[in-house]
Number of protein chains: 2
Amino acid sequence: MRERKMADVMFGAREVFFRRGYEGASVDAIAAEGKVSKATMYSYYPSKEQLFLGVVESECGRLAEEILRPLSRASEPRALLEELAQRIVDLVLDDTYIRLLRTCIGASEALPEVGEVYFRAGPKPARELVGQVLERLTREGALDVDDARRASDHFIHLCVSGLLMPRLLAVKRAVKPEKHAGEAVAALLRLYGSNHRDKVP
Amino acid sequence: MRERKMADVMFGAREVFFRRGYEGASVDAIAAEGKVSKATMYSYYPSKEQLFLGVVESECGRLAEEILRPLSRASEPRALLEELAQRIVDLVLDDTYIRLLRTCIGASEALPEVGEVYFRAGPKPARELVGQVLERLTREGALDVDDARRASDHFIHLCVSGLLMPRLLAVKRAVKPEKHAGEAVAALLRLYGSNHRDKVP
DNA sequence: TACCGACTAGACGGTATAGTTAAGTCTGAA
DNA sequence: TTCAGACTTAACTATACCGTCTAGTCGGTA
């Protein structure tokens, strides 16, 4: 029962914090949304701020798991890169994750800890994972990456280009991202393909 | 005098809205920050929401002006691209603009109008301006861009890669962006240089 | 001087807020 | 049946909020 109620609290809190932001969310609304009494809520979390941090940490944990999920054993470099790209695109298209990011950004000036937690759960491991893949593909001769960190940033930003901003700003827009991952991989290969140094820049 | 007080109101409102977000900002704090009485405030703006929209529109106007500022008459393609890239990097490093973006993102679920206004003042004209430059350079033979919109998104995101997220999330981090613009231009030229089709992809 | 428009400080009403507490209900095990 | 623990409802405190309003100040003009 305890775990069940705990989950109810988190569920309601997540929804209300995502919808109204940290400051805009009221604890009464959170309790109502989770169908839980305020007394129970306060028996689990001593304050609204702690509850918010709990939600952010829990959601960031799920996010980090999602990012670090094992890759398939695809051997073909292009397939591997497309799997990575698709995973990034899917994250940006996922409502829960984008609302989490929106909420963290909105709260990060007043509660810098929140921004830090999200950064360590999202962008940082993503960059590291992508970096490892790019380095491996470079060792195997499929890519020619000198600075894995910079190349990872480039790859990730090619993946989210044109998608992230409208999503963050809640701009209603018929985003058509079917070919997005493929295009990002194509761009990356042009940027860092193993024969890119042959060119006269 | 009227204009002066009006500016004071806006100044205080901007600071408090940026610091605490729309919901977190109180009208008393805004009046105090602007050294203005509440009565005066309400004589200019009928409500907190209208005041917020006023601040966002005013700041977005400045942002759009900054983006659409005429480019220098640089003729050399690389110099032109570096000027563009540097302008984008500078925007991401500007505290006022990043706080504006943070605030808009934070408020955009509850007040979608705000996200829309920012999008039309920032990302949209930026993409259009960059697109025009890329198309011109393509006509002149310096680039080979087929889809200006996609190429603009790529260029812009190469410019902000590794900078935007830490800034939005208020992550304290020794960002060293001296060579950032140059690297973005180099990457763009590898991606869309006029000889890129010679490669075997 | 008298007046006027724009400002200020501060209090107000009515509501909402975060967090606490008291009294009672439900469930399941001994 | 009894009992303990977890839960709920509902009221409560004390503060903060938005927006309004009153009483009064100030600088310039006729």
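Sequence lines set the chain letters: A, B, ... in the order given, protein chains first and strands last, and positions in each chain run from 1. Side chains included, hydrogens not; waters and symmetry mates left out as well; all remaining heavy atoms used.
A side-chain donor-acceptor contact under 3.5 Å links A/Glu83 to the backbone of A/Ser72.
A 4.5 Å side-chain heavy-atom check between A/Leu111 and A/Val56 finds every atom pair outside the cut-off. Contact of the A/Val145 side chain with the A/Leu137 side chain is not registered, since no non-hydrogen atoms from C-beta on lie closer than 4.5 Å. Under the 4.5 Å side-chain criterion, counting only non-hydrogen atoms from C-beta, A/Leu169 is in contact with B/Ile105.
Distance A/Lys35 NZ to D/dT9 P: 11 Å, rounded to the nearest Å. Separating the CD1 atom of B/Ile30 from the P atom of D/dA16 is a distance of 17 Å, rounded to the nearest angstrom. Rounded to an integer number of Å, the gap from A/Met41 CE to C/dT21 P is 16 Å. As a whole-Å value, the separation of A/Lys5 NZ from C/dT25 P is 18 Å.
Side-chain proximity of A/Ser37 to the nucleotides C/dC7, D/dT9, C/dT8 is greatest for D/dT9.
Other residues, nucleotides and ligands contribute only 12 or fewer heavy atoms inside 6.0 Å of the CD atom of A/Glu113.
Contact annotation: B/Ser43 side-chain N/O to C/dA6 OP1/OP2 distance is not under 4.0 Å.
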**Study point:** Protein proximity profile, nucleotides 10-18 of chain C - base contact B, sugar-phosphate-only contact S, no contact -, cut-off 4.0 Å on heavy atoms
**Key:** -------SS
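Relative to the ring axis of B/Tyr22, B/Lys48 places its NZ or CZ within 45° and under 6.0 Å from the centre.
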